[in-house]
Amino acid sequence: MDINITIENLKKKGYSVSYFERSEDATEYLNNIIDGKTVGFGDSTTLFSIKLFEKLKTHNEVFDPQNCQIGENFNDIAKKCLTTEIFITSVNALTQTGEIVNIDDTGNRIAGSLFGHEKVFFVVGINKLVDSLEDAIYRGKNIAAPKNAKRLGIMTPCAIKGYKCYNCSTPDRICNAMIIHYRKMSNIEMEIILINEELGF
Ligand code: SF4
């Protein structure tokens, strides 16, 4: 994959794109441009790993379903994330041709990435970059979702037997919807933060 071609294709699809060699610099960039806002997170291990919540919360009102406090639960926080000014999440895969793929369980990530905010940021490590839409769907199903299932410790065949999708029908299945962003949504700003590090699943 060619990072410059990817950036050009994303721009042609209406996205702003910022590229960083180091996640620390990406975190600093976001921390500088998001100030005095309500911010919702899309349940992302990438965001958790770059410690963005800790930075932003000092000067914004930030909601992160992965940072529930005592007395809070995932759904309550995830609902608040849908009505914030800013929404930040990651992706399961990003293609060199500029498409984004995300698979979701509860729907909070994909819902928040589509509508209702001033601006949406997708924070993407280089490991999420693939050649084609077909590769992106494969990655979402057979790499990202099984790793997430294992992280959550749930009883799905991908979590128990290994890293591939078995298209299960278990009660714990986390793959309930898939969204393909063909290009930027209308009436909303969207920026891709590309980082030359392996981040998230
Ligand atoms: S459909 Fe089931 S087996 Fe496949 S990745 Fe999702 S949870 Fe795992």
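Side-chain contact between L94 and L10: present, with at least one pair of heavy atoms (C-beta onward) separated by less than 4.5 Å. Contact annotation: the side chain of S90 never approaches that of F122 to less than 4.5 Å [non-hydrogen atoms, C-beta and beyond]. Residues H181 and V120 are not in side-chain contact: their nearest non-hydrogen atoms beyond the backbone lie 4.5 Å or more apart. Between M178 and V101, the closest side-chain pair of non-hydrogen atoms falls below 4.5 Å. Between T84 and H117 there is a side-chain heavy-atom pair separated by less than 4.5 Å. Contact check for V123 versus I50: side-chain heavy atoms found under the 4.5 Å cut-off. With a 4.5 Å cut-off on side-chain heavy atoms, K119 and K37 do not count as touching. Looking only at side-chain heavy atoms (C-beta outward), E118 and F87 stay at 4.5 Å or farther from each other.
Separation of atoms CD1 (I77) and SG (C68) is listed at 5.0 Å; rounding is to 0.5 Å. Here L152 contributes atom CG and K147 contributes atom NZ; the two are 14.0 Å apart, rounded to the nearest 0.5 Å. Here M155 contributes atom CE and C168 contributes atom SG; the two are 11.5 Å apart, rounded to the nearest 0.5 Å. In this structure, D105 CG and N176 CG are separated by 5.0 Å, a value rounded to the nearest 0.5 Å.
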From CA spacing to verdict: side-chain contact (heavy atoms from CB on, under 4.5 Å), I137, I180: CA-CA 9 Å; I137 292 169; I180 299 168; 4.2 Å; yes

Evaluation steps, side-chain contact (heavy atoms from CB on, under 4.5 Å), between L47 and I88: CA-CA 8 Å; L47 300 185; I88 313 176; 3.8 Å; yes

Derivation of the side-chain contact (heavy atoms from CB on, under 4.5 Å) call for I188 and M190: CA-CA 6 Å; I188 188 169; M190 299 184 115; 4.0 Å; yes

Test side-chain contact (heavy atoms from CB on, under 4.5 Å) applied to K164 and C158, step by step: CA-CA 6 Å; K164 85 170 205 184; C158 61; over 6 Å; no

Full working for side chain to side chain donor-acceptor pair (under 3.5 Å) between E85 and T38: CA-CA 5 Å; E85 294 164 293; T38 53; 3.2 Å; yes

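In this structure, N127 contributes its side chain and L199 its backbone to a donor-acceptor pair below 3.5 Å. A donor-acceptor distance shorter than 3.5 angstrom exists from the side chain of E197 to the backbone of S23, with no hydrogens or angles considered. Between the Q96 side chain and the D2 main chain, a donor and an acceptor come within less than 3.5 Å of each other. With hydrogens and angles disregarded, a donor-acceptor distance shorter than 3.5 Å links the side chain of K13 to the backbone of Y182. A donor-acceptor pair is defined here as one N or O able to donate and one able to accept, closer than 3.5 Å; such a pair exists between the side chain of R109 and the backbone of G42. No donor-acceptor distance shorter than 3.5 angstrom exists from the side chain of N9 to the backbone of G98, with no hydrogens or angles considered. Between the side chain of D64 and the backbone N or O of F41 there is no donor-acceptor pair closer than 3.5 Å. The closest donor-acceptor contact from the side chain of N92 to the backbone of I103 lies under 3.5 Å. Looking only at distances, no side-chain donor or acceptor of D104 sits under 3.5 Å from a matching main-chain atom of A177. A donor-acceptor contact shorter than 3.5 Å is absent between the side chain of D43 and the backbone of Q66.
Hydrophobic clustering (ILVMFWY, side-chain heavy atoms < 4.5 Å, transitive): I192 and M185 are in one cluster. A continuous path of Ile, Leu, Val, Met, Phe, Trp and Tyr side chains, each step under 4.5 Å between heavy atoms, connects I7 with Y15, placing both in one hydrophobic cluster.
Residues T45 and G200 share a closest heavy-atom pair of OG1-CA, 3.4 Å. Of all heavy-atom pairs between L30 and L56, the closest is O-CD2, 3.9 Å. Between P146 and G140, the closest heavy-atom pair is CD-O, 4.4 Å. The two residues N60 and G36 have their closest heavy-atom pair at OD1-N, 2.9 Å. The shortest non-hydrogen separation linking S49 to T46 is OG-O, 2.8 Å. Shortest non-hydrogen contact noted between R173 and N167 is NH1-OD1, 3.0 Å.
A side-chain contact (heavy atoms from CB on, under 4.5 Å) with N31 is found for one member of H59, E54, K51 and no other, namely H59.
Atom CZ of F115 sits in a sparse spot, with 12 or fewer heavy atoms from other residues, nucleotides or ligands closer than 6.0 Å.
Salt bridge status for K184 with E189: absent, with no side-chain N to carboxylate O gap under 4.0 Å. Taking the charged nitrogens against the carboxylate oxygens, E198 and K128 have no contact shorter than 4.0 Å, which rules out a salt bridge.
Side-chain N/O atoms of E99 and T97 include a donor and acceptor closer than 3.5 Å. Defined by atom type and a distance below 3.5 Å, a donor-acceptor pair is present between the side-chain atoms of N108 and T106.
With Y166 as the aromatic partner, K161 meets the cation-pi criteria of under 6.0 angstrom to the ring centre and within 45 degrees of the ring axis.
Residues satisfying the side-chain contact (heavy atoms from CB on, under 4.5 Å) test with Y138, not counting sequence neighbours, are N142. Scored by the salt bridge (Lys or Arg N to Asp or Glu O under 4.0 Å) test, K79 finds no partners at all (sequence neighbours excluded).
Y29 and F20 have their aromatic ring centers within a separation under 6.0 angstrom.
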